[in-house]
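Just so it is clear, the model here is predicted, and its values are computed rather than measured. For the numbers below, each heavy atom of this structure counts, side chains included, while hydrogens, waters and symmetry mates do not. For this chain, numbers begin at 1 and follow the sequence in order.
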Amino acid sequence: MGRPRSTDGLKPTLVRRGEKIYAYETTSRMENGKKVNIKRYLGVFDPATGKILEKDESRCAERKKKASEERAFKVIDELAIGDYGGVYLLDEIQRQIGLGKDLFRSFGSVSKLILASAMALTLGRPRVYSVEGTLDHTWLRRYYGVESSLDSGSMTALTEQMGHAQANIDTLFSFRLEGCEEIVCWDTTTHGAHSEMEGLAQYLSVNKDDEDIPQFKVGLATDMRGIPVMYRIYPGTLGDTQTIQRLFDDLDEFGLKDVIATFDRGFLSGRNCRDIIGRGRRFVMPGKTDYKVFKTLLTRFKTSEKKDMRFQDHIYSVSESELGLALSENRVSTDGSPAYDFTLPGDEGHGKDGMLKAYVCFDSETYNDQIQSHKLLVSGIMEKASRISCRDPVKAFNKLAGKAARFFDVAADGKNVIVTAKKNSESFFMNRAGMFILVTTPDVTWLQAMSAYEVRRLTEQAYNHSKEEDGRFRTSNKDRLQGRMLLRFLSVIMKCEIAARIREARMESKLDVTACIENMSTISARRYRECGRLTEVTKRCRTICETLKIPIPVEVRENMEIYSPEDLESILQSE
């Protein structure tokens, strides 16, 4: 057994930090069979006297307490301040289009939390894990009376529950599709992920950083005003043909029998057209000029019978042609199924497997714009080419010109490059400038086809709003992905509705979606005990309200339902 020792005679351990030397007493003891060193602070060591200036315990405690008080903000519970106008704007928009009503009929009482989260994404940083901060600095929490925490962990649980409730999501889609009139537009895009997401995301291509990333595919349907009504998530390698089949299955299930489906030109193929008309459905797709049959139609346009047709205060020169489908004798589709060729009158087997229609359209205004842009492009590239000086000038030029390299003849001259514009490629471009082709089923009129063509452009705008969000989904769970996708879907609906109203008011040159939300957010709400008031409504905010057809805010709203009182009867009926 060791002899007891007094600590009075122990030599202190001295540690220099900056200009001061600190003294510590070091002892040891046995804990769980192991030797543990114990260090106790003694005070500051004075080298001049060789003594230790003992610490003032009360002084240290007081100093810590004072420092803590200095860092703390005093929270005044009676006073609440927050950005109000942006919340008010989104609530008025969703209320007028019945979004909150449809959400409540689909998800019940949790719908208020879902809509508040989607609004927070629209108002703040488009990240699911930053929703809580947006709720706190805006009036959103008080507006809807949201008491639940929406921190990162809570949002993870909420989105997983939402994604698991696929039947509820489909119910929401059915309500949104009820308002569709005549046209539904469909397009797909890919999104990156941080994992394979239980097999949903698959490695497809190389991104700009030369890094393989797993991707999944999203299909989005919009109505004729470009407002999203439905989305679907697919494995990354699924082809467009399968997404079209799923779209029509959904339209059949939701009872939309007579709508015209419109697609981007990337969907155009004989196989897809054959499948659609086989289902008895109507469609519109832009034609591809790299198909031989469409090149022939463009060439024949000058000598064909044409009519001047008016659409949205604009005149187009239009010729109508019969188009057919015939089973291909020397091709098959990528999945091994039969392929179909497009045919014209006089071709062998013309229309044997189905009949279509092609509208060849010429827009003189677009023609002038495209010719001007082309000439500027050629001039700019040739000017930049004159400054090339490197070991492989032809390679450098091709990299500089990109797809436009086909308009030039190029030859190396030492480290420089000799460039001349190809006359035949330029004339080919000019002969097709201002022209486009719309492929439709025989029962679609030119005005219907043009309306569908316009909606296709609006669907691309909807995707642009969606891509303003976080480019890659940071989750490995498919249900959480579905839940986050639903929040984005709701956010994009509100953004697209604002964009549609700006477009319909012809105010695109003066307003955009972001500007509307940011300017309206300059209106703040204050509540002190029982007294609530708004800050001044600027002239800019009044213009936004007038453009978007919403009332100017005059009072502070709190604890609101997400649907209007007049919607209550339809909600009770659906229950």
Side-chain angles (χ1 to χ4, degrees), residues 184-190 202 204-205 217 219 232 234-252 260-301 303-304 319-361 403 406 428 431-432 435-444 446 448-449 452-453 456:
V184 170
C185 187
W186 179 255
D187 202 357
T188 61
T189 190
T190 56
Q202 300 166 1
L204 294 177
S205 59
K217 182 173 289 189
R232 290 298 184 196
Y234 307 100
T237 56
L238 192 70
D240 286 336
T241 298
Q242 287 89 342
T243 71
I244 291 178
Q245 292 171 354
R246 175 71 181 277
L247 168 67
F248 286 117
D249 287 342
D250 285 330
L251 295 180
D252 289 340
I260 300 172
T262 180
F263 305 91
D264 194 9
R265 58 175 44 86
F267 289 86
L268 183 66
S269 71
R271 162 71 188 281
N272 285 343
C273 292
R274 180 67 186 84
D275 287 348
I276 296 173
I277 62 176
R279 300 181 70 124
R281 287 287 189 170
R282 297 185 293 168
F283 76 89
V284 175
M285 295 187 200
K288 292 181 179 179
T289 55
D290 54 346
Y291 280 31
K292 181 180 178 181
V293 64
F294 297 122
K295 289 181 180 179
T296 301
L297 287 176
L298 291 174
T299 302
R300 293 178 181 177
F301 179 77
T303 58
S304 63
S319 71
E320 181 181 326
S321 300
E322 186 182 82
L323 193 65
L325 290 170
L327 182 66
S328 179
E329 297 180 355
N330 51 16
R331 291 189 307 111
V332 294
S333 300
T334 54
D335 60 358
S337 60
Y340 293 86
D341 295 326
F342 293 106
T343 62
L344 294 173
D347 293 343
E348 184 178 352
H350 170 61
K352 184 176 62 175
D353 293 292
M355 295 301 298
L356 302 170
K357 187 189 295 184
Y359 294 106
V360 183
C361 311
K403 292 182 179 180
R406 67 183 186 275
F428 177 84
N431 288 336
R432 284 156 176 73
M435 300 180 70
F436 59 93
I437 299 175
L438 298 179
V439 180
T440 76
T441 42
D443 53 352
V444 175
W446 182 80
Q448 290 174 324
Y453 185 67
R456 179 198 56 82

List the steps, then state whether salt bridge (Lys or Arg N to Asp or Glu O under 4.0 Å) holds for Arg246 with Asp250. CA-CA 6 Å; Arg246 175 71 181 277; Asp250 285 330; 3.7 Å; yes
Output, in order, the C-alpha distance, side-chain angles, deciding distance and verdict of salt bridge (Lys or Arg N to Asp or Glu O under 4.0 Å) for Asp252 and Arg281. CA-CA 10 Å; Asp252 289 340; Arg281 287 287 189 170; 2.5 Å; yes
Pair Phe263-Leu247, side-chain contact (heavy atoms from CB on, under 4.5 Å): steps then yes or no: CA-CA 11 Å; Phe263 305 91; Leu247 168 67; 3.9 Å; yes
Kindly indicate, with the supporting measurements, whether the criterion side-chain contact (heavy atoms from CB on, under 4.5 Å) is fulfilled by Thr299 and Arg432. CA-CA 9 Å; Thr299 302; Arg432 284 156 176 73; 3.5 Å; yes
Audit row: Val360, Arg300, side-chain contact (heavy atoms from CB on, under 4.5 Å) steps and yes/no: CA-CA 10 Å; Val360 183; Arg300 293 178 181 177; over 6 Å; no
Does Asp240 form a side-chain contact (heavy atoms from CB on, under 4.5 Å) with Lys217? I'd like the steps, not just the answer. CA-CA 10 Å; Asp240 286 336; Lys217 182 173 289 189; 3.5 Å; yes
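A pairwise comparison of heavy atoms in Pro286 and Tyr453 identifies CG-CE1, 4.0 Å as the closest pair. Considering all non-hydrogen atoms of both residues, Ile437 and Ala358 come closest at CG2-CB, 4.3 Å. Considering every non-hydrogen atom in both Val439 and Gly287, the closest pair reads CG2-CA, 4.2 Å. Smallest separation of non-hydrogen atoms from Arg271 and Pro338: CD-O, 3.7 Å. Ser319 and Phe301 make their closest contact through OG-CD1, 3.5 Å (heavy atoms, listed as atom of the first residue, atom of the second, distance). Between Lys357 and Pro442, the shortest heavy-atom distance links the atoms NZ-O, 2.9 Å.
Put simply, the side chain of Tyr291 gets close to the backbone of Leu268: a donor and an acceptor are under 3.5 Å apart. For Arg282 (side chain) and Ala261 (main-chain N/O), no donor-acceptor pair under 3.5 Å exists by modelled atom type. For the pair Asn272 (side chain) and Phe267 (backbone), a donor-acceptor distance under 3.5 Å is present. Between the side chain of Thr262 and the main chain of Cys185, no donor-acceptor pair closer than 3.5 Å is present. Side-chain atoms of Asp353 come within 3.5 Å of backbone N or O of Leu327 as a donor-acceptor pair.
Separation of atoms OG1 (Thr289) and CZ (Arg265) is listed at 7.5 Å; rounding is to 0.5 Å. From Met355, atom CE reaches atom CG of Asp443 across 13.0 Å, with rounding to the nearest 0.5 Å. Between the CG atom of Leu298 and the CZ atom of Phe436 there is a distance of 11.5 Å, given to the nearest 0.5 Å. Separating the CZ atom in Phe342 from the OG atom in Ser269 is a distance of 6.5 Å, to the nearest 0.5 Å. Atom NZ of Lys295 sits about 13.0 Å away from atom CG of Asn431, to the nearest 0.5 Å. Here the straight-line distance linking atom SG of Cys361 with atom CG of Leu438 works out to 5.0 Å at 0.5 Å rounding.
With contacts defined as side-chain heavy-atom distances shorter than 4.5 Å, the pair Phe283/Ile277 qualifies. Here the side chains of Gln242 and Tyr234 are not in contact, with every heavy-atom distance at 4.5 Å or above. Using a 4.5 Å cut-off on side-chain heavy atoms (C-beta onward), Cys273 and Leu325 make contact. Proximity of Lys352 to Thr343: side-chain heavy atoms (C-beta onward) are nowhere separated by under 4.5 Å. Taking the side chain as every heavy atom from C-beta outward, Gln448 and Thr440 never approach each other to under 4.5 Å. Two residues are said to be in side-chain contact when any heavy atoms from C-beta on lie closer than 4.5 Å; Ile276 and Ile244 meet this criterion. Counting only heavy atoms from C-beta outward, the side chains of Gln245 and Asp275 approach each other to under 4.5 Å. Using a 4.5 Å heavy-atom threshold, the side chains of Phe294 and Leu323 count as touching.
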